[in-house]
Every structure is written in C-alpha cells, then in structure tokens.
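Labels below follow one simple rule: chain letters A, B, ... track the order of the sequence lines, proteins then strands, and each chain is numbered from 1.
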There are 2 protein chains.
Amino acid sequence: METLSAAESLAALGHETRLAIFRALVQAGPEGLKAGAVGEALGLAPATLSFHLAHLSRVGLIRGRQESRFIFYSADYSAMGELIAFLTDNCCQGKACLPNAVCAENPDPRCNPEPACEGNSRD
Amino acid sequence: METLSAAESLAALGHETRLAIFRALVQAGPEGLKAGAVGEALGLAPATLSFHLAHLSRVGLIRGRQESRFIFYSADYSAMGELIAFLTDNCCQGKACLPNAVCAENPDPRCNPEPACEGNSRD
DNA sequence: TCCATGTTTCAAGTATTATCGAAATATAAA
DNA sequence: TTTATATTTCGATAATACTTGAAACATGGA
C-alpha cells in the first residue's frame, strides 16, 4: 500500500460519522447492511449518509452491491488489513506498538524489541 | 481508546504531510528529530511544519521535548499501539484483517477465523 | 547586553469538506 | 402505467483545515 492511499484511507476513517459507519458494517459481517439501515442506526440524513458511503467506497474500505431495490454496503476486510499492515510496517518501531493482545500471544521476538530498532519500511 | 479519540488520531494521520512526519519520527527512533530536521527532510515551510507538529502533538501521537535551543519530536509508540488495538478490536472481523505477517507467525486461531464472526467491540 | 538561531504564533487568504433540503434516478409493487 | 420506496445527485451554505509571510518568543553564544 502506498503512502498516498494509506493517508486517504486514514482520512476516510478519521471522521466520527464515517468511523461509526465502518464499524457498523464490520459488525454486520460480510452480508453488510442496507444503506437505509445504516442511516437509521446512526440517525443520518439520506444525503449525508450517501456522501459518507461514497467517500468510504472511493477509498476502497467498503463495497456496495445492489440487491433488488436496496443497496447493501459491507466492509472490505482486506482493505482494512492492508491499512493495518501499512501502519505496523511503516509507523511502528519494529512491532513494538502492535496491540498487546497480539504480542502477548505471539512468540515473535519483534513483538518486544529493543528500544531502538531502526527503519522498517515497506513501500 | 474511545471512538472520538480514535477518529482524531486517524484524521491526524490522514494527511500526507503529517503521515510523512510521523513516519520520519518513527524511523528516527525514541530520540526523535529536531523540528528543523523534519522540515528540512520534507521541504516544509516553518509555519506549516509547526502547524502539523502541533496537530500530531495535540492528539498524542508525538511528543516534543526541549533540548537546549532545539525541540526534539518523537513518535509515541504506545499511542500508535492503542490506535492499532482500536482498529483490530473494532474495525476487524475477529482478527481476520490483521497483517498476514503477524498472522503467519501467530498460532492464535483468531488470526484465521471463520468467515462470519460477529461483534467484538471494546469501548 | 546584543545578536543569531530555532520554533511558534498571528493573520489573512485559499481550498476543502460537511450538511441537508429538494430534485432526480432506479427498482419493484399495485 | 402509476405509485411507492430506496438511494443518489445537485446546489447552496456553513464550517473547518491548510498554507505561508511576517512578527513574536525562547534559548544560547559573543
């Protein structure tokens, strides 16, 4: 994942409403939710909802599929995976800042590295 | 980490210049870099640099310490860790979207869960 | 004290983003 | 075909964010 695309994804999630939308879609699972259900759950005006769904779609974090009269949106887990990979590869020190939950379970020594590991870029 | 704070951190990183600043500080290690060195490396006008450093500081992703006439900024790894934890806990499906590099090394079965795990919220 | 250097703050201009009512489009049911 | 429902697009407005030169502030050296 290139830096620009990472920044765009981060910016997309860096808005409370869009973050809430994304979380709702993640919770909903691969099936996703009708656009209207998202708007209802979060109390959003249709135009506002559409604006944010379009934004999330544009950066690839969610996908919409038409199903009869409805449009179901669902989270793209692999896009989120790439984003997390970008953060761990480029924005962590070794893997020092991986979630504790992961590190505690992970024998990989990079999980608790020396204080001053150096560059680990991916792009 | 609450949702609002997560959104603020994501938004802070969701800007190419700030993301570049943060990456540079991560690469620099715990010592960090003088503000001026960051500006020079990225070709930023002093006021612009200061604006973005202040933004990243405000959300807690970096810290500045005065050292003689200079101010050294360094990445706050634990803040990034919390952010990644938030994303894996709230924006992934189980841990399905953790980076492959992590999952490949990790015996935790949640790394490759069934397709349709349900809600796993943290807040 | 005066000067040089590093950094921030201020102020102003520009650009981008968010919101939402109203109109348009699409699909399906009557 | 008409009507109803779901969603998007349009248009206008308001709010926020970004950039930068210039001025202010802070620190250390002469």
Side-chain angles (χ1 to χ4, degrees), chain A residues 3-25 28 31-76, chain B residues 3-25 28 31-76:
Chain A
T3 305
L4 175 57
S5 150
E8 283 174 344
S9 292
L10 290 164
L13 294 174
H15 185 277
E16 250 199 310
T17 300
R18 280 190 300 267
L19 185 55
I21 291 172
F22 188 77
R23 289 184 64 188
L25 295 181
E31 286 290 295
L33 293 172
K34 299 178 201 172
V38 176
E40 199 174 342
L42 301 177
L44 300 173
T48 302
L49 171 67
S50 200
F51 172 81
H52 290 305
L53 288 172
H55 191 156
L56 287 166
S57 285
R58 186 162 40 75
V59 304
L61 282 164
I62 68 174
R63 288 211 287 263
R65 65 176 196 283
Q66 186 110 22
E67 197 154 303
S68 154
R69 208 185 328 188
F70 310 100
I71 300 184
F72 282 77
Y73 283 92
S74 54
D76 185 320
Chain B
T3 305
L4 175 57
S5 150
E8 283 174 344
S9 292
L10 290 165
L13 293 174
H15 185 277
E16 248 198 314
T17 299
R18 280 191 300 268
L19 185 55
I21 291 172
F22 187 77
R23 289 183 65 188
L25 294 181
E31 285 290 296
L33 292 173
K34 298 178 201 171
V38 176
E40 200 175 340
L42 302 177
L44 300 172
T48 303
L49 172 67
S50 200
F51 172 82
H52 290 305
L53 288 172
H55 190 157
L56 287 165
S57 285
R58 185 164 41 73
V59 303
L61 282 165
I62 69 175
R63 287 210 289 263
R65 66 176 196 283
Q66 185 110 20
E67 199 153 304
S68 152
R69 209 185 324 190
F70 310 101
I71 300 183
F72 281 77
Y73 283 93
S74 53
D76 185 320

Problem set entry | Euclidean distance, atom CD of residue Glu16(B) to atom P of dA17(D) [Å, nearest integer] | 19 Å
Seminar exercise, completed: When every non-hydrogen atom of Arg23(B) is compared with those of Thr3(A), the smallest separation belongs to NH1-OG1, 2.9 Å
Problem set entry | Residues in contact with DNA chain D, drawn from residues 58-65 of chain A - heavy-atom cutoff 4.0 Å | none
Exercise. Can you check the Leu56(A) CG to dT8(D) C1' distance for me, whole Å?
Worked result: 16 Å
For this session: Report the residues that fulfil side-chain contact (heavy atoms from CB on, under 4.5 Å) with Ser50(A), sequence neighbours left out, ordered by chain and then residue number.
Result: none
Problem set entry | Interatomic distance, Leu44(B) CG vs dG21(D) C1' [rounded to whole Å] | 16 Å
Problem set entry | Option passing side chain to side chain contact (heavy atoms under 4.5 Å, CB included) with Leu56(B) (candidates Ile62(B), Leu25(B), Leu19(B)) | Ile62(B)
Give every pair of a protein N or O atom and an N or O atom of nucleotides 5-7 of chain C that lie under 3.5 Å apart, one pair per line with the distance.
unit_1, atom_1, unit_2, atom_2, d
dT5(C), O4', Arg69(B), NH1, 2.9
dT7(C), OP1, Ala35(B), N, 3.2
dT7(C), OP1, Ile71(B), N, 3.4
dT7(C), OP2, Gly36(B), N, 2.7

For this session: For side chain to side chain contact (heavy atoms under 4.5 Å, CB included), just list the numbers for Ile21(B) and Leu49(B), CA-CA rounded to whole Å, side-chain angles, deciding distance to a tenth of an Å, and then say yes or no.
Result: CA-CA 9 Å; Ile21(B) 291 172; Leu49(B) 172 67; 4.1 Å; yes
Seminar exercise, completed: Closest heavy-atom pair, Ala11(B) versus Gly14(A), reported as atoms and distance to 0.1 Å, is CB-O, 3.2 Å
Problem set entry | Where at least one partner belongs to residues 55-64 of chain A, residue pairs that pass side-chain hydrogen bond (donor to acceptor under 3.5 Å, both in side chains), sequence neighbours excluded | Arg18(A)-His55(A), Arg63(A)-Asp76(A)
Seminar exercise, completed: For Phe72(A) and Glu31(A) the tightest heavy-atom approach is CD2-O, 3.8 Å
Exercise. How long is the line joining CG of Leu49(B) and C1' of dT8(C), in whole Å?
Worked result: 10 Å
Polar atoms only, N or O, under 3.5 Å: list the protein pairs with nucleotides 13-18 of chain C and their distances.
unit_1, atom_1, unit_2, atom_2, d
dA18(C), OP1, Arg18(A), NH1, 3.2
dA18(C), OP1, Arg18(A), NH2, 3.0
dA18(C), OP2, Arg18(A), NH1, 3.3

Exercise. Mind checking what makes salt bridge (charged side-chain N to carboxylate O under 4.0 Å, His left out) contact with Glu16(A), not counting sequence neighbours?
Worked result: none
For this session: Please tell me if the side chains of Phe22(A) and Leu61(A) come closer than 4.5 Å, counting only heavy atoms from C-beta onward.
Result: yes
Seminar exercise, completed: Rounded to the nearest 0.5 Å, the OG1 atom of Thr17(A) sits from the CG atom of Leu53(A) at a distance of 11.0 Å
